[in-house]
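When a ligand or atom number is given, it counts from 1 through the structure's own listing order.
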Amino acid sequence: MRYIVLVVLMWLLSGCSDDKKVKYDGETLIEQKCAMCHNLKMPPDTYADEKAPPMMAVVFHLKDFMKITMKDEEYSKFIPFVQDYVINPSIKKSYCDKESLKSYGVMPSQKGKVTKDELKAIASYMYDFYDQQKFLEQMQARAAFEALPKGEQIARKNGCLNCHSLNKSGIAPSFAMIAKQDAKEIRETIANGSQGKWKGFNMMMPSFKTKLSKDEIVTLQEWIVKGKK
Ligand code: HEC
Ligand code: HEC
């Protein structure tokens, strides 16, 4: 018993002498405190059963309206707004447009459910994670990936191109060289792996039987054969 008291006392003392010791993790907190109403995905994976605007929309919107351009304005405008709004929301303060406010209703106050310090961590995480530039880049990268042939998408996702390149041999024969092989043999090698068949390549080609479906293996094989010179 005395031991427990001591531990509690030490914990309290350390807590008081330096309140920075408490580490707030914005990412965990936003999941716990905000995800039941706001969809946190960027971009949102669904718009069904929405109780609130997706967090991405909230943050993009706030940054636009507050005309935030510099990093240090995060502290002067964005964080205090979130800290205040979550505890004392009102139609007057909301930057949400009238139509959305009507359909969602004003956000219920989260007073007692989240502290000011927790909100600081949440707001800071929101500011960094929901970044317009980062979002655009992700969308462009995704569009570029989806524009690739299906076979190349599978090859990139499964790390084939870590060993093989399209035209140049390195640690593995190039796909252009492999393209001349028999279709069935290509499919079997992808499924079962191989070693020692090609002169000058000592590395082992791993088996992908458990990682790829039969259809994916056929798609890969057809894509490799298309690259035949
Ligand atoms: C019970 C559901 C609910 C919870 C929980 C909730 N919100 Fe909201 N929130 C809403 C609704 C509804 C709106 C849209 C209406 C409005 O702007 O008040 C909203 C709007 C907002 C806005 C936008 C205000 C504006 O002016 O556009 C911010 C910022 C916000 N929420 C932050 C949070 C944060 C941070 C949390 C977690 C600590 C959270 N919310 C938890 C329902 C919720
Ligand atoms: C760890 C490196 C590595 C990875 C990853 C890898 N390969 Fe290979 N691959 C090799 C090597 C080395 C060979 C040559 C094996 C030999 O000589 O028997 C090879 C050979 C092949 C062949 C030769 C077929 C034949 O019968 O001649 C095909 C087809 C092939 N790989 C396709 C793929 C595909 C598709 C992927 C991704 C799903 C992939 N490889 C991933 C290293 C790799």
- Within 6.0 angstrom of Q138 CD, more than 12 heavy atoms from elsewhere: yes
How far is [atom] from its nearest protein heavy atom, and which residue and atom name does that atom have?
atom	answer
atom 12 (C) of ligand 2	M203 O, 3.3 Å
atom 25 (C) of ligand 1	Y95 N, 3.5 Å
atom 41 (C) of ligand 2	F208 CE1, 3.5 Å
atom 15 (C) of ligand 1	G105 O, 3.3 Å
atom 26 (O) of ligand 2	K197 NZ, 2.5 Å
atom 27 (O) of ligand 1	C96 N, 3.4 Å

- Linking I/L/V/M/F/W/Y whenever their side-chain heavy atoms sit closer than 4.5 Å, directly or via other members, would I91 and V82 fall into one cluster? yes
- Item | Hydrophobic cluster identity match, Y125 and M55, side-chain contacts under 4.5 Å | yes
Close-contact set for ligand 1 against [X] heavy atoms, below 4.0 Å:
X	answer
K51	12 (C)
P53	13 (C), 14 (C)
V106	18 (O)

Check: [X] side chain, [Y] main-chain N or O, donor-acceptor pair, under 3.5 Å:
X	Y	answer
Q83	L119	no
Q195	M205	no
E152	P149	no

- Message: I need the full list of salt bridge (charged side-chain N to carboxylate O under 4.0 Å, His left out) pairs touching residues 184-211, with sequence neighbours left out, sorted by first then second residue.
- Response: K184-E188, E185-K197
- Task: Tell me, please: is F65 in heavy-atom contact with ligand 1, that is, under 4.0 Å?
- Result: no
- Task: With rounding to the nearest 0.5 Å, note down the distance linking CG in L62 to CZ in F78.
- Result: 5.5 Å
Write down the atom of [X], the atom of [Y], and the distance for their closest heavy-atom approach.
X	Y	value
D128	K134	O-NZ, 3.4 Å
S207	A191	OG-O, 2.7 Å
K63	Y127	NZ-O, 2.9 Å

Would you list the atom pairs, donor with acceptor, under 3.5 Å between side chains in residues 104-114 and any protein atom, with sequence neighbours excluded?
from: Y104; atom 1: OH; to: E50; atom 2: OE1; distance (Å): 3.0
from: S109; atom 1: OG; to: I87; atom 2: O; distance (Å): 2.5
from: S109; atom 1: OG; to: K111; atom 2: N; distance (Å): 3.1
from: Q110; atom 1: NE2; to: P108; atom 2: O; distance (Å): 2.8

- Note on the structure: A student checking ligand 2 against G159 at a 4.0 Å heavy-atom cut-off should list atoms 5 (C)
- Heteroatoms of the protein, restricted to N/O/S, which lie under 2.8 Å from atom 8 (Fe) of ligand 2: H164 NE2, M205 SD
Side chains of [X] and [Y]: closer than 4.5 Å at any heavy-atom pair?
X	Y	value
F60	Q132	yes
I178	W198	yes
Y85	Y95	no

- Query: Are any of the N/O atoms in S94 less than 3.5 Å from those in ligand 1?
  - Reply: yes
- What do we get for L29 next to ligand 1 when only non-hydrogen atoms under 4.0 Å count, side chain, backbone, both or neither? neither
- Message: Under 4.0 Å, heavy-atom basis, I'd like to know which part of L101 is in contact with ligand 1: side chain, backbone, both or neither.
- Response: side chain
- Test salt bridge (Lys or Arg N to Asp or Glu O under 4.0 Å) applied to E222 and K226, step by step: CA-CA 6 Å; E222 286 170 354; K226 276 222 181 92; over 6 Å; no
- The answer for which part of W198 has a heavy atom under 4.0 Å from ligand 2 is both
- Task: Check whether any heavy atom of G196 sits under 4.0 Å from an atom of ligand 2.
- Result: yes
- Query: Taking it one step at a time, do K93 and N88 satisfy side-chain contact (heavy atoms from CB on, under 4.5 Å)?
  - Reply: CA-CA 9 Å; K93 283 181 207 161; N88 301 303; 3.3 Å; yes
- Message: One pair to check against side-chain contact (heavy atoms from CB on, under 4.5 Å): L40 and Y130. What are the steps and the verdict?
- Response: CA-CA 9 Å; L40 301 183; Y130 301 101; 3.6 Å; yes
- What protein N, O or S atoms come within a distance below 2.8 Å of atom 8 (Fe) of ligand 1, ordered by chain and number? H38 NE2, M107 SD
- For N158 and ligand 2, does the shortest N/O to N/O distance drop below 3.5 Å? no
